[in-house]
Amino acid sequence: MNPEFMRETTAVRDFADPPFTVIGARDDRAHARTSELYAGLSAPVERTSLMEAEMIKYACNAFHATKVCFANEIGNLGKRIGVDSHRVMEILCRDKN
């Protein structure tokens, strides 16, 4: 199981510079062979079980959808009170903690 995490409009960049690569493998050989595909990337490779890899994919998708919904709500609120919500989100997203 090698889930992809590429987003629409940024897929090429996401492939070339991912935050991590997940490989769900049943055995060392399968993991090693799949890891070779990513040897040229600097991102860490995370070996997991097949089920963990699938769950990570679902968790990432849900988390990113939540972020989009949150940003939309900040945008709606900013519009109502006359605040540049794009600027607010730009600064908020600098927080990596």
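Keep in mind the model is a prediction, meaning the values are calculated, not measured.
Under the 4.5 Å side-chain heavy-atom criterion for Ile, Leu, Val, Met, Phe, Trp and Tyr, Ile56 and Met51 are members of distinct hydrophobic clusters. Under a hydrophobic clustering in which Ile, Leu, Val, Met, Phe, Trp and Tyr are joined whenever their side-chain heavy atoms come within less than 4.5 Å, directly or via other members, Val68 and Leu92 fall into different clusters. Linking Ile, Leu, Val, Met, Phe, Trp and Tyr whenever their side-chain heavy atoms come within less than 4.5 Å leaves Val45 and Met55 in two separate clusters. In the hydrophobic clustering of this structure, Tyr58 does not group with Phe63; members are Ile, Leu, Val, Met, Phe, Trp, Tyr whose side-chain heavy atoms approach within less than 4.5 Å, directly or through other members.
Between Glu54 and Lys57 there is no salt bridge, since none of the side-chain N atoms of the basic residue sits less than 4.0 Å from a carboxylate O of the acidic one.
For the residue pair Gly75 and Ser85, the shortest heavy atom distance occurs at CA-OG, 3.3 Å.
Under the rule for a side-chain hydrogen bond (donor to acceptor under 3.5 Å, both in side chains), Arg29 has no partner lying at least two apart in sequence or in another chain. Annotation: side-chain hydrogen bond (donor to acceptor under 3.5 Å, both in side chains) contacts of Lys79 (sequence neighbours excluded): none.
Distance alone, capped at 3.5 Å, places no donor-acceptor pair between the Glu73 side chain and the Phe70 backbone.
Screening Ile74, Val88, Leu77 for a side-chain contact (heavy atoms from CB on, under 4.5 Å) involving Val83 leaves a single residue, Val88.
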Inset, instruction - Would you check, one step at a time, whether the test side-chain contact (heavy atoms from CB on, under 4.5 Å) holds for Arg94 with Ile91? - result: CA-CA 5 Å; Arg94 292 181 193 166; Ile91 293 171; 4.2 Å; yes
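With rounding to the nearest 0.5 Å, the separation of CE in Met89 from CG in Asp84 is 12.0 Å. Interatomic distance, NZ of Lys67 versus SG of Cys93, reported as 7.5 Å (0.5 Å rounding). Separation of atoms CG (Asp27) and CZ (Arg33) is listed at 11.0 Å; rounding is to 0.5 Å. The CZ atom of Arg26 lies 15.0 Å from the NE2 atom of His31; values are rounded to the nearest 0.5 Å.
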Which pairs would a plain distance check flag for residues 13-24, meaning a side-chain donor or acceptor within less than 3.5 Å of a matching protein atom at least two apart in sequence or in another chain?
| unit_1 | atom_1 | unit_2 | atom_2 | d |
| --- | --- | --- | --- | --- |
| Asp14 | OD1 | Arg7 | NH2 | 2.7 |
| Asp14 | OD2 | Arg7 | N | 2.9 |
| Asp14 | OD2 | Arg7 | NE | 3.0 |
| Asp14 | OD2 | Thr10 | OG1 | 3.0 |

